[in-house]
Number of protein chains: 2
Amino acid sequence: MFSVSARTQYAIRAMTCLATKPDRSSTSAEIAQAENIPAKYLEGILSRLKAFGLIESERGKNGGYRMAKNPSDITMLEIVEAIDGRIKPVTCVDAIGACAQGAACHPRNFWIGLKSTIDAYLAERTLKDVAQG
Amino acid sequence: MFSVSARTQYAIRAMTCLATKPDRSSTSAEIAQAENIPAKYLEGILSRLKAFGLIESERGKNGGYRMAKNPSDITMLEIVEAIDGRIKPVTCVDAIGACAQGAACHPRNFWIGLKSTIDAYLAERTLKDVAQG
DNA sequence: TTAATTCCTATCTGGATAGTAGGAATATAT
DNA sequence: ATATATTCCTACTATCCAGATAGGAATTAA
């Protein structure tokens with residue numbers, strides 16, 4: 001229940017890896033080896049993180065990835081949402097009537113509250129916090 | 001991300017349904033129709049809820065299901081755990097070293113904290129709260 | 001003995017997740 | 001120029017599991 005996708009776990013590990021090397025850029029292969037992540041799979045993850053503005057990259061020889069911001073300025077919520085999108089326990093959190101129960105959906109507020117709780121937890125911790133353990 | 005299984009949503013709806021009829025017992029088919037849940041699928045869900053002591057049942061003619069406790073004494077955490085087991089964002093929440101990173105797993109405490117946060121939210125709300133919307 | 005019900009076991013299926021493959025585009029160094 | 005190292009893009013495959021269905025056995029009341 002509420003399990004975190006491998007993708008997101010990989011993303012977090014990759015980010016912590018980059019966070020420890022702020023001065024230079026790391027290649028995807030380097031990160032993959034250091035963090036024990038399937039190399040080709042990681043490439044796609046790094047693309048998403050880049051598209052979300054969390055990391056930067058340079059192509060070609062001597063290319064690689066590096067942090068786009070300070071680790072203390074990146075919340076865990078940003079990383080999670082970059083990879084798996086907004087947290088949505090049930091389909092009707094966004095719009096009333098988005099489930100088969102329509103307006104009679106009693107649990108809706110309960111789920112919305114859960115989402116808020118999770119979001120708050122994730123938004124309160126930064127990559128720096130997590131990298132330190 | 002963090003989406004709730006249909007099973008759990010069905011279970012909650014079934015429980016709210018029973019909670020509104022504390023005096024008599026309801027059949028699985030009744031609940032299925034009232035809550036728009038696949039009838040046969042619901043049977044398995046009710047079995048789990050019973051195994052967990054949240055509801056009681058009688059077989060045979062005039063049989064059915066009813067609440068085993070007062071709705072205000074059933075937490076949402078109980079329902080969720082009855083259906084999908086303990087909340088476990090990552091495999092290593094229970095035992096250090098249960099992931100490939102072993103003792104060097106930096107995000108572990110972060111995930112444990114998330115689990116605690118979710119558990120607390122669910123444990124603080126009762127079926128009565130949710131049934132009222 | 002019939003009808004209504006829970007309970008048990010087995011099976012099917014679609015879609016998502018995880019991972020692989022191949023190569024195009026780009027940059028550097030020599 | 002050319003070789004090399006890298007990101008980036010697209011497509012494919014495999015595996016797993018949630019969701020659902022099917023058929024009937026066990027049990028109980030009328």
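In this text, all values refer to a predicted model and were calculated from it rather than measured experimentally. Residue numbers start from 1 in every chain, and the chains themselves are labelled A, B, ... in the order their sequence lines are given, proteins ahead of strands.
- Residue order along DNA chain D, read from the 5' end via each residue's closest nucleotide, puts A:Ser26 first among B:Leu42 and A:Ser26.
- Atom CE in A:Met1 sits roughly 12 Å away from atom C1' in D:dA18 (whole-Å rounding).
- Atoms CZ (B:Arg48) and C1' (D:dG19) sit 12 Å apart, rounded to a whole Å.
- Taking only side-chain atoms of B:Arg7, from C-beta outward, the nucleotide of C:dT5, C:dA18, D:dA18 with the closest atom is D:dA18.
- Side-chain N/O atoms of A:Ser57 include one lying less than 4.0 angstrom from OP1 or OP2 on D:dC8.
- A cation-pi arrangement is absent between B:Arg48 and B:Phe52 under the rule of less than 6.0 angstrom and at most 45 degrees off the ring axis.
- Atom NZ in A:Lys40 sits roughly 11 Å away from atom C1' in C:dA24 (whole-Å rounding).
- Look at B:Tyr65 and you'll find a side-chain N or O under 4.0 angstrom from OP1 or OP2 of C:dC7.
- For the pair B:Glu30 and B:Lys21, the salt-bridge criterion is not met [side-chain N within less than 4.0 Å of a carboxylate O].
- The nearest heavy atom of DNA chain C to A:Tyr10 and to A:Asn62 marks one nucleotide each, and the one closer to the 5' end goes with A:Tyr10.
- Between the side chain of B:Arg59 and the base of D:dT27, no donor-acceptor pair of N or O atoms lies under 3.5 Å.
- The side chain of A:Lys50 lies closest to D:dC8, out of C:dC7, D:dC8, D:dG19.
- Nucleic acid contact class of A:Glu58 (heavy atoms, under 4.0 Å, all strands): sugar-phosphate only.
- Applying the 6.0 Å contact sphere to CD of B:Gln33 captures no more than 12 heavy atoms from other residues, nucleotides or ligands.
- In this structure, A:Tyr41 places its OH atom 7 Å from C1' of C:dG19, rounding to the nearest Å.
- Counting non-hydrogen atoms under 4.0 angstrom, B:Gly64 reaches the backbone sugars and phosphates but no base.
- When atom types are taken as modelled, the side chain of A:Thr91 and the backbone of A:Ala98 share a donor-acceptor pair closer than 3.5 angstrom.
- Rounding to whole angstrom units, CD of residue B:Glu56 and C1' of C:dT5 are separated by 17 Å.
- B:Leu122 CG to B:Ile87 CD1: the interatomic distance, rounded to the nearest 0.5 Å, is 5.0 Å.
- Relative to the side chain of A:Ser28, the nucleotides D:dT7, C:dA18, D:dG19 differ in distance, and D:dT7 lies closest.
- Taking atom CD of A:Glu43 as the reference point, atom P of C:dA18 lies 17 Å away to the nearest angstrom.
- Here C:dA18 presents its C1' atom at 14 Å from CZ of A:Arg13, a figure rounded to the nearest Å.
- B:Arg66 places its CZ atom 13 Å from the C1' atom of C:dT6, with the value rounded to the nearest Å.
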